[in-house]
Amino acid sequence: MSTLEIRDLQVSVKLPEGDLKPILAGVDLTVKAGETHAIMGPNGSGKSTLAYSIAGHPKYEITGGSVTLDGQDVLAMTVDERARAGLFLAMQYPVEVPGVSVANFLRTAKTAIDGEAPKLRTWAGELRGAMEKLQMDPAFAQRNVNEGFSGGEKKRHEIMQLELLKPKVAILDETDSGLDIDALRIVSEGVNRVRETGETGLLLITHYTRILRYIKPDFVHVFVAGKIVQEGGPELAEQLEAEGYERYVAARA
Amino acid sequence: MTTEAIAPPPSTKSQVLRSFDVADFPAVNGLEEEWRFTPLKRLGDLVSATKLTGVAPAVEHGELPAGVTVSHVAASDVDGAGPVLVPFDRISALAYGSADGVTLVEVAPETELAEAVVIRVVGKGGDAAAARTVVKVGAFAKVTVILEQTGTASLADNIEVVTADSAQLTFVTLAEWDAGAVQAQHIKLQVGKDSRVQHVQVALGGDLVRQFTSVEYTGRGGDAELWGLYFADAGQHFEHRQLVDHSVPDCRSYVGYRGALQGASAKSVWVGDVLIRATATGTDTYEINRNLILTDGAIAHSVPNLEIETGEVAGAGHASATGRFDDEQLFYLMARGIPEGEARKLVVRGFFAELVNKIPVEELRERLGDAIEARLAEYAS
Ligand SMILES: Nc1ncnc2c1ncn2[C@@H]1O[C@H](COP(=O)(O)OP(=O)(O)OP(=O)(O)O)[C@@H](O)[C@H]1O
Ligand SMILES: [Mg+2]
């Protein structure tokens, strides 16, 4: 069983002039395979910063604390090493890669993660199956990665990758944003399939409780101003739904 | 990193002096608009001589399909009332005057070929030389002609392409010269009524390659697509200029050139001129140049020029963009476990994919993809 441990993580964003702007003010969180955590917080509280800094985006600088996956120092790894170690980030704004087809991209990623090329005979079927489950037209396989995809298509493509790459711990950054109700259901079903394997730890980052009606979190963490300010079970999400974040934001002021 | 300069309008350039005699053109000093980006010293005799006496590269080809002939003929046999490419600068005049005969590639009317016709031009070194090639494609023919240029040479060459009514030609020219080669090339495409020409111009090898492509139409419904792909390494100079002259109504042109540059003083120049004359109503044209700067020290000059003399165009536009590697693309791919070197390859292959896919020969597409990857590997960290 895999465990992601985040201890007192402090992160700054690198500004264009070279200055550092502190965002994360000491985050503690443990995510185990099979668990589903929800991180909820207002806009600008640093949720994406947490996600991107765990994935290793060069825009962020770690100024303190540690992140380990099964005891291995994640922060010492390059971006691709982190992914191969078993981390996955479904992005809030997936990137377009012109001229690279979805099929080629997925095969290359699968090969990198597994350390060997997928079997030609089974791979085509696996890919088709993954696309079908997320109700993506097979024609997407020949399109360029995220190019011209609608917001909802991009998110479905992210969850398709989650299912194909089978990470140990996955962070889903606002996967619910920009989805209509049908797409939200399709995407949630994908996440629930991964959840039911019991082999992946899930960290759902969200602003709204909407997605939590489809994916039941085991733990809810309230994230304000770069740190976790309250933790609880699913009932905390319901409370946030009713009361919003004002209470926490006001408490800081 | 990049220069976008004001240049004279295409109409001015289309009215330049035309002559068959090198001596009629003033000596080039490098200050002229059309020469200001070119390292003249490296052109050597090509820009300073009045006659070239070196041995032209050998022209080779395998067995030719029915309907296609390749022959070496006297200029008088092909020029008729005059050559398709009337020299308009010193080097095109030099090539015209110095070439020993003409390589004539003829495709009979209505010839339709599934396989490409491949012609290899192999430079064997020696003194600066001149060459002329004329490609004539008959009415309703549908063919792909590939012209590969390899070896060592200092070459001024004119290539004249004429397509008859409704002919469809895919013309791929590859400059894959050895290091040290110098080429100044002029290509003229004369597009017939309802004819469609796709030119794919690839520049990978050579010390200095300067290619000037001009297009004219002889009947309505002509369609010319000019695709360019170049990859300049340290010290290489690749220069591409086009003049698309729309004087006939209802014709179309598309110019799309893409280049990657890496290494100290790798340099590319793209100057795309499109002229839509008052007579050319219903013209549809677009031109775009994109450059990918892979390392410090590489320079891409990119100058689009569109001049419109009629109010009745179907479409007209231009674009130019030069930039560095997109770190967000790299991050996205690496976040899926793909190592940096491989991620870079994917992105650069992707950058060129649209162009490479214009080539209807899979083997050649793969060879170019591999050549591009090999170039990248040189600078892999
Ligand atoms: N380049 C930057 N320059 C200045 N501030 C930045 C920069 N990048 C991020 N920030 C700031 O960092 C803070 C945290 O941003 P982050 O994207 O992590 O928030 P978030 O919780 O994900 O918000 P949202 O709910 O809107 O997605 C914000 O206040 C944001 O403005
Ligand atoms: Mg965010």
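Quick note on labels: first sequence line is chain A, next is B, and so on, each numbered from 1.
Contact count versus chain A (heavy atoms, under 4.5 Å) is highest, among I338(B), L346(B), V356(B), for I338(B).
S66(A) and R7(A) are not linked by any side-chain donor-acceptor pair at a separation below 3.5 angstrom, with hydrogens and angles left out of the test.
When heavy atoms are compared at a cutoff of 4.5 Å, P94(A) approaches chain B by way of both its backbone and its side chain.
With sequence neighbours excluded, no residue forms a salt bridge (Lys or Arg N to Asp or Glu O under 4.0 Å) with E132(A).
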Stepwise, does the side chain to side chain contact (heavy atoms under 4.5 Å, CB included) test hold for L202(A) with V191(A)? CA-CA 9 Å; L202(A) 290 166; V191(A) 175; 3.8 Å; yes
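Within 6.0 Å of atom CG in L120(A), 12 or fewer heavy atoms from other residues, nucleotides or ligands are found, so the atom counts as exposed in its surroundings. Within a 6.0 Å radius of CZ in R193(A), more than 12 heavy atoms belonging to other residues, nucleotides or ligands are found.
Nearest heavy-atom pair, A335(B) versus V79(A), reported as atom, atom and distance to 0.1 Å: N-CG1, 3.5 Å.
Under a 3.5 Å cut-off, the side chain of K133(A) and the backbone N or O of G190(A) do not form any donor-acceptor pair.
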What are the sub-3.5 Å donor-acceptor pairs between chain A and chain B, distances to 0.1 Å?
residue	atom	partner	partner atom	Å
H57(A)	NE2	E328(B)	OE1	3.1
H57(A)	NE2	E328(B)	OE2	3.0
R84(A)	NH1	G337(B)	O	2.9
L89(A)	O	R336(B)	NH1	2.9
L89(A)	O	R336(B)	NH2	2.8
E96(A)	O	Q329(B)	NE2	3.4
N146(A)	ND2	Y332(B)	OH	3.3
E158(A)	OE1	R336(B)	NH2	2.8
E158(A)	OE2	Y332(B)	OH	2.4
Q161(A)	OE1	R336(B)	NE	2.4
Q161(A)	NE2	Y332(B)	OH	3.0

